[in-house]
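Quick note on labels: first sequence line is chain A, next is B, and so on, each numbered from 1. Hydrogens, waters and symmetry mates are skipped; everything else that's a heavy atom, side chains included, is used.
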Amino acid sequence: MSEYRVIGKPLRKVDATDKVLGKTLFADDLIKPRMLFCKLLRSHIPHGTVGKVDIGPALAMPGVIAGLIGEDLPTTFGILPISQDEHALALDKVRFVGDPIAAIVAEDEETAEAAIHLIQAELEPLDSISSIDQAIRTPEPRIHDYGAYGNIHKLVNLEFGDVEEGFAEADHVREDMVFFEGNTHLPIEQHASLADWSPDGKLTLWSSTQTPHYVHKALARVLGMPAARIRVIACPNGGGFGGKSDPFNHEIVVAELARRTGRPVKITLTREEVFYCHRGRHPILMRVKSGVKKDGSITGMHFQSLLDGGGYGSYGVASTFYSGALQTVTYNIKRYKFDGARMFTNKPPCGPKRGHGTPQPRHALEVHLDKIAEDLHLDPAEMRLNNLVPPDSVTANYLKVGTMGLGKCIEKVIEGSGWKEKHRKMPHGRGIGIACSSYLSGAGLPIYWNSMPHSGVMLKLDRGGGVAVFCGSIDIGQGSDSVLAYVVAEVLGIDPFDIRVVTADTDLTPVDLGSYSSRVTLMSGNAALQAAEKARELLAQAAAEKLEVPSGEIVFADGRVFWASDPEKGMSFAKAVVAAESKFGTIGTVGSYTPPRSPGQYKGAGVGPSPAYSYSAAIAEVDVDPETGIVSARKIWIGHDIGQSINPMLVIGQVEGGVYMGLGEALMEEMAYRDRVNIVHKTPSMLDYKSPTTHEMCEVETYLVEDPDPNGPFGAKEVGQGPLLPTIPAIANAVYDAVGVRIDEVPITPEKVLRAIRAKEKGKDPRIGPTKFPEPEWSEPLVVPPPWEGGDGKPVEKKEVAG
Amino acid sequence: MCPRNSLAALPWFHEALPRLDSPPTTAYPRPIMYKHRVIDEPGRRLLRMTVNDSAIEIAVRPHKTLLEVLREDLFLTGTKHGCELGECGTCAILVDGEPVLSCLVLAIACEGKEIRTIEGMADGPELHPLQTTFADLGAAQCGYCTPGFLLTAQALLDENPDPTRQEIKNALAGNLCRCTGYLKIYEAVELAAKRMRNGSDSEAKR
Amino acid sequence: MLRLPNFHYHVPESLAEAVRIKKDLGPLAMFVAGGTDLYPKMKRRQQEPHHVVQIGHLEELQGVRRLDDGSCRIGAGITLTTLAGDTTLKRDYPALAEAAHLVASPQLRNVGTLGGNLCLDTRCNYYDQTYEWRKGISFCLKKDGDTCWVARSSPKCLAVTSTDTAPVAIALAAEIELVSTRGDRTVPAGDFYSNDGIRYLTKDPDELVTGIRLPPPNGWRSSYVKLRRRGTFDFPVLGIAAWIRRGDGGTDAPVEEARIVLGAVFSEPVLAPEAADALIGRPLSTETISDAADAMYKLAKPMDNTDFLLSWRKEMVKPYTKKALEKLIG
């Protein structure tokens, strides 16, 4: 967009120079005088009751200063108000291998580590659960004493229109089952926290967290302290991807230990402990049944998700809803039914990973559609193009779609990849596949019910012309600090590098809910826009008065404030601030953002709405070695509907990073556990948890589709998560195109591919994937007629819903 | 005096060995380990090395890795860590110009060596061309793996001023990045290489 | 941060001093050169030496030297980077240079040595874990426990050989140089390993590997292929080293002698005479290669101790043997 001076330009990030100099201080880089080091004793058993925990022998060791056990911090916490099911240190039970039991703080980390082994913890093993199927079959012993029933944490049953009617109306009905294995974020930075206590009764916590506001709330709750006396500073995250979005045990433990010892206390997790923190992708077993007309239009869809939640609630209730929410925002679905169930199992808790709860169902859906296209002898790209959700519409489940650029994305990748010449036309062993997706630009509702803004920005202008932006948002590498600077710079006509950005400090910055659900650019960007516009108005009035021109004709550009009709008639930005300060007093403005209300008014309607949906379409070209089953990606073309790029270089960086992570999930990454001897993570290391290296990453061609969305700042929508989603099914569909086998199980490993190829050679079903779908006791669905059946977003008859 | 070739002739034999007074057992942790963890125990040795062109003299215990000494004793926290097992490449630094993993190098094995960390990559206030291109092309997202990538790339360009994309991939195959998908990193290395070649060309012409 | 336990560190001034220290301290001491195998294992308490004896700097362990008889002596202390990049070696013993190039990652190859890779500790999913993790499964036979979790009835440890250079050394009929206080000796590389995950080397514990000797490259050809999940970092889940010597008459001449070695399947790299027999007496062709691959397939019995399903690893023996042998055609 040519009229912008900053927006849409590929500028350096405001924190990039520090990062290339190694000057950025991550949490583990912080060093305080008299700092102590903390280590946690973690459970070696997957499920058991906790008896006496004796830290006496550890405390007796020279160099050990203090220790904690579960009883010292008895208050529960958790990210969602409805799942406050965690203890800082196990109080009654341990629920997975790695669950923290006790903490020791010592003069140095080696001493703390050695002392941990002297703790005597009595653990009484209980029967453990390692899978979805087992959780359904095993109601007792319960891992938690809350939830739907037995070891079912949450049940969701929603029906938008009569799907049976939809199937009856269809020309073709198809049902598929897909399993998506869990995987984890693997940020290169291991979680670290440092707490400091002042005898004045004030606590400061520095932490590698994506959600300082929620950590703040959890600390106040568990420590029983007024929130006003707690300061949480989120350090720049060395990668987050959702893995640092929960309040964690170690954050609370070091805070309490700082309070008890009066000294700064630091903890840095080992790589293995990061695997135990997890909160990554839920393993989900899915069943999807659709009725379609001959042209591929969907008359009805029934989607079912069974989520393996691990040992705690985390974001799991939201994840369960998300696994059924966004199916409707890409293609027209006339009637839609969703059943979701999340199980407790004795494994590290699952939670939000890039795409939170939606990559798995998106994968199942896009593979399902590829099969439907094949059944109907339709081109899968054309079929998608012909059935898109129109812009400015409301879906069957009452999600309000605004701008919708998926069609353009599909067209771009079809053209760029040479789809028409390649699909079903390449030699055996090479294939091409397409898939699409959509993601939120921020969740429409906060995690806890309140009517306050989701993001706030304060702007301070000083008479030297300096501008400081204060916002609670935290830069996890995506560039959110830079977005704040770019937005304010654009409005005030100054250089973004002249702006000081102060973020993620609960003492200094207004609340932003955190770097999750792709919300920051849209929400803090809008808040920054509002604050900047207010400041501009003040400056414009003061400058206009000085220049004796109408204030509506004042322009802010290139560090100057001047009259549109005669640019010579103007002053420097700093002089304009002086004028404004002289006229109005100290110049500080605020902006805040609250998303619009969504039309859905049923229980569960809170998960899925967003001010704007981003759209992506991906085409993957792969080689599959028919002799080994090894899949290698050759190239991925991806179109992304960004609304408006605030900085196209950063947008493309997010697209490429999302594709990279999708590639890893598609082909190799998995949280695999052993459950014979014990339920232990099979590969809790960087070597054995396989993430793609320079050798596995393929070329990526990115097409940005820009159609500014009225709800985004300058029209911007999200990019942090969306582009991951279509990558995985595009690869799966490409594998089918290459060798004619369906791997309905992610990751698509060579073993599975080769087994399917061998089956095909023998004339057997060339498919690897789940064949059984264990049914929990579903609850009666909540029936909400879709808008076109006269619905108003409310359920038609009040029915009991569990959970 | 002890005869040469006998154990007791080793310079630190006397301070070190007498601590081995209990037999090793398979139980963990061993009593002997506790003794070794007493904070003021003898066993530190003076180490002299050059870090970012400065002569450093520091007393370290044998089991301290270079990573620990750089970060915890010299406060050079620009060197990051992701696994401490040689599995991620995050802690890569240059020892005598060669990229190595500081998590698996003993500090005392660096006697007399020249160490270069990210803090010593820029020339005073001037960024190294790689630092400039990494910043300008978005090759550093979260920035955590960046120091390891930068130093490894610097070693590559010092040896091969005009690497192909494949040579860059091979040289950086020991560094994991979870943010970028590596593509912007390749572009940054290529652009820096080009600028460095042009820079040296123009210098040669002068 | 994962840290090393405390230990005494020895930097001997001579080879004699090095072996003397080891002799005196016995199992409490371990030699270290690059440390890329030992230090991670010490951090995870898989190896717990109280004394670490640095040998990487010793002069006897350096250099690549061509001897008068045309054979070649490579010091055990040369780094894998040097080995992979040495122009003479790349010409005369390309399989060895290739194997070195495929080890771990560039930074690790800059430090890791040939000797270290030849003596690389056997690996296993149940063993290559932290102390805490291993405690969760009550440890395993190889370290601190009494059950081999790979096969509970197994009386011996089934950890897998994971060195890339050893299969090549065996295929090339290299000799391993050993030095101890009792003097020096050489052993054929094929006799250097034993099929036991714990005692996987046949040398006496106090013997130090100082180098290897490679026979003169008299027109024979060799290759090495490696299977692993990713193109870098990962240890092999299968390694095939092949060596052939043809009679006179160019590439169509019958194979007179062959050695094919299976790496990363058993606790030692295994020479497969049956596979060699399939090649001998016939020109190298698709058919003979296929026969050799079948023989290798029969021999391979991978266990559940590495990445990937063992059934797939077994299946991969055929195509990877073919790959290794196809490199020798022409």
Side-chain angles (χ1 to χ4, degrees), chain B residues 4-7 9-13 16-17 19-20 24 26-30 32-33 35-37 41 43 45 61-65 67-68 71-72 81 83-89 91-92 95 98-101 103-106 108-109 111 148 152 155-156 169-176, chain C residues 1-14 16-17 20-21 23-25 27-28 32 34-45 48-52 54 56-57 79 81 101 104-112 128 130-131 134-135 139 143-145 230-234:
Chain B
R4 262 196 85 70
N5 281 347
S6 113
L7 199 56
L10 296 170
W12 49 83
F13 177 78
L17 202 64
R19 295 202 156 266
L20 253 186
T26 50
Y28 178 92
R30 295 171 176 171
I32 187 152
M33 296 204 172
K35 285 192 183 169
H36 286 230
R37 285 199 177 96
E41 70 148 5
R45 257 189 299 296
R61 282 183 287 161
H63 70 291
K64 287 289 175 185
T65 61
L67 170 70
E68 291 158 13
R71 284 181 58 84
E72 296 168 357
H81 57 97
C83 70
E84 303 94 64
L85 292 168
E87 301 174 348
C88 71
C91 66
V95 175
E98 291 254 292
V100 305
L101 301 183
C103 73
L104 295 185
V105 172
L106 297 185
I108 50 167
E111 176 74 33
T152 306
L156 167 70
K169 281 187 188 185
N170 291 345
L172 300 179
N175 297 74
L176 286 180
Chain C
M1 217 189 289
L2 266 183
R3 293 169 195 267
L4 285 166
N6 209 345
F7 54 83
H8 305 304
Y9 185 65
H10 304 261
V11 186
E13 285 175 15
S14 67
E17 198 175 288
R20 178 64 186 269
I21 297 170
K23 171 84 181 158
D24 287 354
L25 295 171
L28 291 178
V32 72
T36 54
D37 185 30
L38 181 62
Y39 294 146
K41 296 203 162 180
M42 287 175 71
K43 288 185 178 185
R44 293 187 299 215
R45 308 304 191 261
E48 302 186 272
H50 291 194
H51 295 261
V52 170
Q54 177 57 248
H57 61 290
T79 66
T81 298
H101 175 68
S105 74
Q107 290 94 340
L108 293 171
R109 291 195 294 273
N110 282 344
V111 174
D128 290 296
T130 62
Y131 177 84
R134 290 183 289 118
K135 190 174 169 188
F139 303 101
K143 180 75 175 107
D144 301 331
R230 303 176 295 182
T232 176
F233 284 112
D234 298 343

Under a 4.5 Å cut-off applied to non-hydrogen side-chain atoms, are [X] and [Y] in contact?
{"X": "C:Asp144", "Y": "C:Arg134", "answer": "yes"}
{"X": "C:Gln107", "Y": "C:Val111", "answer": "no"}
{"X": "B:Glu111", "Y": "C:Val11", "answer": "no"}

Subject >> Geometric class of the C:Phe7/C:Tyr39 ring pair [parallel <30°, tilted 30-60°, perpendicular >60°] >> reply: parallel
**OP:** Search all heavy atoms of B:Glu84 against all heavy atoms of C:Lys43 and return the closest pair with its distance.
**Re:** O-NZ, 2.9 Å
Original post:
Between B:Ile108 and B:Arg45, what is the shortest heavy-atom contact and its length?
Top reply: CD1-NH2, 3.9 Å
Heavy-atom proximity to chain C below 4.5 Å, by part of [X]:
{"X": "B:Asn175", "result": "both"}
{"X": "B:Ala173", "result": "both"}
{"X": "B:Glu72", "result": "side chain"}
{"X": "B:Cys103", "result": "both"}
{"X": "B:Ala109", "result": "both"}
{"X": "B:Lys169", "result": "neither"}

Subject >> Most contacts with chain B, counted as non-hydrogen pairs under 4.5 angstrom, among C:Lys41, C:Gln54, C:Arg44, C:Lys135 >> reply: C:Arg44
Original post:
Which residue out of C:Asn110, C:Thr232, C:Leu108, C:Val32 racks up the most heavy-atom pairs below 4.5 Å with chain B?
Top reply: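 When all of C:Asn110, C:Thr232, C:Leu108, C:Val32 are compared, C:Asn110 has the most.
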